[in-house]
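Down below is the structure, laid out as structure tokens.
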Amino acid sequence: MDTYLIVKTLHILSATLIMGTGLGTAFYLFMVNRSDSVPAQAVVSKWVCKADWWFTTPAVIFQPLSGLWLAKQMHMPMSATWIWLTLALFVFAGVCWLPVVVWQIQMRNIANEAYKAGESKLPKRYWQLARRWETLGYPAFTAVVVIFFLMVLKPM
């Protein structure tokens, strides 16, 4: 097996990790926030943060490095529409993702403190962060979906 195919496979797997982890953790946090169960919110928010660090972060680092290497191996010009647009959307998704990560950590801490204190409801600050988290999640997710299409279709 040649290096190109190995890197291409790892590139696809890392893209899948970004999409899968992002969609999966977003779904669970979104749904647990509708459960109104502080113990569940404390547990789920803890694991959402861990999943982001364990799976999403390494994939986010590997993705552009492997993508640029693959484009170079294919002798694709960096001026190709799909390459610069993919990179721009990747940066856009990252700009959305970074504050989301900070908010997730804050939400986790708030939920954990409320759980330890035996509270039956989360404070207003949690819900403010949850709204922000959700608001930035939609455009970031959309950008990643478009990136998938660009990677596959490669329009010049």
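By convention here, the first residue in the shown sequence is residue 1. Note: hydrogens, waters and symmetry copies are ignored here, and every other heavy atom, side chains too, is used.
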- [ ] For atom CH2 of Trp127, decide whether the heavy atoms of other residues, nucleotides or ligands shown that lie under 6.0 angstrom number more than 12.
- [x] yes

- [ ] Consider only side-chain heavy atoms of I, L, V, M, F, W and Y, link residues closer than 4.5 Å, and tell whether Phe90 and Leu85 are in one cluster.
- [x] yes

Task: side-chain hydrogen bond (donor to acceptor under 3.5 Å, both in side chains) contacts touching residues 98-108 (sequence neighbours left out) - done: Asp52-Gln104, Gln104-Trp133

TODO: Report the C-alpha distance between Val95 and Val91 in whole Å, list the side-chain angles of each, state the deciding distance to 0.1 Å, and finish with yes or no for side chain to side chain contact (heavy atoms under 4.5 Å, CB included).
DONE: CA-CA 6 Å; Val95 167; Val91 168; 4.3 Å; yes

Task: Cation-pi check, Lys72 onto Trp69 ring (under 6.0 Å, within 45° of axis) - done: no

- [ ] Establish whether Ile105 and Trp97 are linked, either directly or via other cluster members, by ILVMFWY side-chain heavy-atom contacts under 4.5 Å.
- [x] yes

TODO: Just grab all the side-chain hydrogen bond (donor to acceptor under 3.5 Å, both in side chains) pairs involving residues 2-20, residues at least two apart or on different chains.
DONE: His11-Gln63, His11-Ser66, Ser14-Gln63

- [ ] Go through the structure and list residues passing side-chain contact (heavy atoms from CB on, under 4.5 Å) with Leu23, not counting sequence neighbours.
- [x] Phe141

Task: Single-linkage hydrophobic cluster Val101~Met107, side-chain heavy atoms < 4.5 angstrom - done: no

TODO: Can you see which heavy atom on Val38 is nearest to which on Ala111, and at what distance?
DONE: CG1-O, 4.0 Å

TODO: Provide the closest heavy-atom pair for Thr135 versus Pro139 in the form atom of the first, atom of the second, distance.
DONE: O-CD, 3.0 Å

Open item on the list: Do Leu153 and Phe148 sit in one hydrophobic cluster, given that two such residues count as connected whenever their side-chain heavy atoms are within less than 4.5 Å of each other, even indirectly?
Closed with: yes

Task: Sub-4.5 Å side-chain heavy-atom contact between Met78 and Leu68 - done: yes

Open item on the list: Assigning hydrophobic clusters by single linkage (Ile, Leu, Val, Met, Phe, Trp, Tyr; side-chain heavy-atom cutoff under 4.5 Å), is Phe92 placed with Ile83?
Closed with: no

Open item on the list: Just verifying a value: how many Å separate Trp82 CH2 and Met76 CE, rounded to the nearest 0.5 Å?
Closed with: 5.5 Å

Open item on the list: Just verifying a value: how many Å separate Thr81 OG1 and Lys154 NZ, rounded to the nearest 0.5 Å?
Closed with: 14.0 Å

Could you give the side-chain donor-acceptor pairs of residues 115-125 under 3.5 Å, partners two or more places apart or in another chain?
unit_1	atom_1	unit_2	atom_2	d
Lys121	NZ	Asp36	OD2	2.4

Open item on the list: Rounded to the nearest 0.5 Å, what separates atom CZ in Arg34 from atom CD in Gln41?
Closed with: 10.0 Å

Task: side-chain contact (heavy atoms from CB on, under 4.5 Å) partners for Thr25, two or more places apart - done: Thr21, Val48, Ala51

Open item on the list: Measuring from atom CD1 of Ile110 to atom OG of Ser45, what distance do you get when rounded to the nearest 0.5 angstrom?
Closed with: 9.5 Å

TODO: First locate atom CG of Leu65, then atom CG of Leu70, and finally report the distance between them rounded to the nearest 0.5 Å.
DONE: 11.0 Å

- [ ] Evaluate whether atom OH of Tyr28 has more than 12 neighbouring non-hydrogen atoms of other residues, nucleotides or ligands under 6.0 angstrom away.
- [x] no

TODO: Starting at CG of Leu13, measure out to CD1 of Ile18 and round the result to the nearest 0.5 Å.
DONE: 11.5 Å

TODO: Take Met19 and Val145 through the test side chain to side chain contact (heavy atoms under 4.5 Å, CB included) and record every step on the way to the result.
DONE: CA-CA 8 Å; Met19 175 63 88; Val145 169; 3.6 Å; yes

Open item on the list: Run the side-chain contact (heavy atoms from CB on, under 4.5 Å) test against Pro58 and tell me which residues pass, sequence neighbours left out.
Closed with: none

Task: Leu136 to Pro99 - nearest heavy-atom pair and separation - done: CD1-CG, 3.7 Å

